[in-house]
Undergrad: 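Before anything else, here's the structure in question.
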Amino acid sequence: MRTAFKDVTLELAATDERLVLLFGDISVYLFREFTARYPERFFNAGICENTLVSMAAGMASQGLFPIVHTIAPFVTERSYEQIKDDVCYNGFGINIVTCGASFDYAWDGATHHCYTDLEILRLLPGMEVMQPGSKKEFCALLRSQYANGLPSYYRISHDEHGEDLPVSFGRGVVVRDAGAAVTVLTAGPILGNVLKAVAGLEANVVYFHTLKPLDTEVLRRFAHTKLLVVHDAFGLFEAVAAEVPGVRLWRHALPDQFNVYYGKLDDIRRAIGLDPEGIRAAVRRVQAEP
Amino acid sequence: MDADCKAIREHILRISQRSGHGHIPTSFSVVEALVAVYGVMRHDPRRPQWEERDLFVLSKGHASLGFYCVLAHLGYFPIEAVNAFGAFGSSFGCHPDRKKVPGVEVSTGSLGHGIAVAAGMALALKLKRSARRVFTLIGDGEANEGTVWEALSAAAHLKLSGLTVLYDDNGSQIRCQPIPNAAERLRAFGCVVHEVDGHDVGQIRAALAPVAGGVAPVAVVCKAIKGFGCRTFRSDMFAWHRRSPNPAELAQLLEELNENSI
């Protein structure tokens, strides 16, 4: 997905000189074509996430469309106040594109895990929050949102869900409507595991690449069913609970602990029950609920 | 004391007394710096959104009352508008909001943000090959924040000569983590540094004069007195950090201001 990020910014920069990149000393080699073509519009400011965000806000105040890019925990959890004050409160629209969220850096331990980003940013007024699950979704969302003057967060992942789904900002996607009594709600690349999990089971699947604004219309269509949120981050469950109160809602997501097992993404997902088998068991449990 | 600066201080005192809000000593320490910076900036109070204006960011947002009184003095709005300072529904909060107050470029309050935002503005203007300048005023207490130095480092690295940082060196942090060598530190971080009397408008203005061919951000260390203008504040600046006078105290403070006791 990071290569797609490079490709789409090259494409957008060719026709929009207001697009500028501020990087926290990551992906710099990958973007060498961008730096060669647009040296004045690429700033590798170093490892200083708070300054990256505030400077991007200052640049946005002068009519530019900055994209800040670095590793998820450092620019969301560390720089939350800069995003709240300098970006959202001031109304200086910037784009933040992160990598390495959830357990993409499984082997690096808890300092490099990040599963709060979607939830904490969702709480900020005016913020758009996206978790694309494929290159196609990321490119479409960045193209449609980067220049709208609003603060926008895009979490890109190593993993992809492998599905070719329609993409429209703020719209959920009904991936599977089986007329079932249980609907699995999910977001981002974990959709791949969800679809493996529900093979042969009676379950609907609704997918979100946009967590804020959440598509409440599609949720209401399935509100009469038992809703099970399956997600390898915080944010979707909380958004559903807030946006469509009074539904029968279950959660199969992260335990209240640091998940430091090292290994790879799939190892951690397996350890905490977010592999296809663990998700399948969760769906069966909800099916058995009255 | 400059007559304009004295008039501005009188408004600060009266509005604080009336509203029960305001950080008076910190507002008093920056009056000359604000008057000086607006004296060199290209700006037009009748057109706050004029596209060719220079930009000012009050990083130490708790000096908002002083800032509002200076903006009113310049003609951005009538001083009477500030009477509702801090009141429900007022545009004039105890920290400035850019969406509510003409002349305010950035909403501030949390310390340590201003330099980085101002550096972003200066970088954007540099990209546009614009000669517009960006000024920000920070406090010495604020300089305990790591982001101040992080942002300065980035600004120096990016050679943002269009950025000028005014450093209000009013000794407010003597009870916590003082920075006794601000000028030396600012220089070490890559700024061109001037040291001036923070209550001498002429000296500050001279230090803010544009420099042709600059390749570094400029820092102006304004050696100031917290509460400059009234001896009561000077005798106990911590007691008065965020306190408004009662009517009797107001009368006493106005007397002190007019006798030029400090």
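A, B, ... follow the sequence lines: proteins, then strands. Residue 1 opens every chain.
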Undergrad: Could you tell me whether Asp16(A) and Arg18(A) make a salt bridge, using a distance below 4.0 angstrom between a side-chain N and a carboxylate O?
TA: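 The answer is yes: the pair qualifies as a salt bridge.
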Undergrad: Let me know if Leu55(B) has heavy atoms under 4.5 Å from chain A in its side chain, its backbone, both or neither.
TA: side chain
Undergrad: Can you tell me which of Val20(A), Leu22(A), Asp85(A) forms the most heavy-atom pairs within a distance under 4.5 Å of chain B?
TA: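 Result: the option with the highest number of such pairs is Asp85(A).
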Undergrad: With distance as the sole test, does Arg205(B) use its side chain to make a donor-acceptor pair with the main-chain N or O of Gly39(B) at under 3.5 Å?
TA: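 Checked: pair present.
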Undergrad: Quick test of your reading of the model: are Arg133(B) and Asp54(B) salt-bridged, counting only N-O distances below 4.0 Å?
TA: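 So Arg133(B) does not pair with Asp54(B) through a salt bridge.
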Undergrad: Answer with side chain, backbone, both or neither: which region of Lys126(B) has an atom nearer than 4.5 Å to a non-hydrogen atom of chain A?
TA: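 Neither the backbone nor the side chain of Lys126(B) comes within 4.5 Å of chain A.
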Undergrad: Where does Val53(A) contact chain B at under 4.5 Å (heavy atoms): side chain, backbone, both or neither?
TA: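 No part of it gets close to chain B.
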Undergrad: Select one option (side chain, backbone, both, neither) describing which atoms of Ala151(B) are under 4.5 Å from chain A's heavy atoms.
TA: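 Answer is both: backbone and side chain atoms of Ala151(B) are under 4.5 Å from chain A.
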Undergrad: Considering only residues two or more places apart or on different chains, which pairs with a residue in residues 147-162 of chain B satisfy side-chain hydrogen bond (donor to acceptor under 3.5 Å, both in side chains)?
TA: Thr51(A)-Glu150(B)
Undergrad: Ion pair present between Glu11(A) and Arg143(A), side-chain N to carboxylate O less than 4.0 angstrom?
TA: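 Salt bridge between Glu11(A) and Arg143(A), a charged N being under 4.0 Å from a carboxylate O: yes.
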Undergrad: Listing request: all salt bridge (charged side-chain N to carboxylate O under 4.0 Å, His left out) pairs with a residue in residues 30-52 of chain A, at least two apart in sequence or in separate chains.
TA: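 The answer is Glu33(A)-Arg37(A), Glu40(A)-Arg129(B), Glu49(A)-Arg78(A).
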Undergrad: Applying ring-ring contact (aromatic ring centres under 6.0 Å, His included) between His43(B) and each of Tyr76(B), Trp50(B), Phe135(B), report the one that passes.
TA: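 Checked Tyr76(B), Trp50(B), Phe135(B) against His43(B); only one passes ring-ring contact (aromatic ring centres under 6.0 Å, His included): Tyr76(B).
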Undergrad: Can you list everything that forms a side chain to side chain donor-acceptor pair (under 3.5 Å) with Arg187(B)? Sequence neighbours excluded, please.
TA: none
Undergrad: Of all the residues in residues 89-123 of chain A, which have a heavy atom that comes within less than 4.5 Å of a heavy atom in chain B?
TA: Tyr89(A), Asn90(A), Gly91(A), Phe92(A)
Undergrad: Less than 4.5 Å to any heavy atom of chain B: does that hold for the side chain of Glu17(A), its backbone, both, or neither?
TA: neither
Undergrad: Chain A: which of Leu125(B), Asp97(B), Val134(B), Thr108(B) shares the most heavy-atom pairs with it under 4.5 Å?
TA: Asp97(B)
Undergrad: Between Phe42(A) and Phe23(A), does the ring centroid distance fall short of 6.0 Å?
TA: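 Ring-ring flag for Phe42(A)/Phe23(A): true, centres closer than 6.0 Å.
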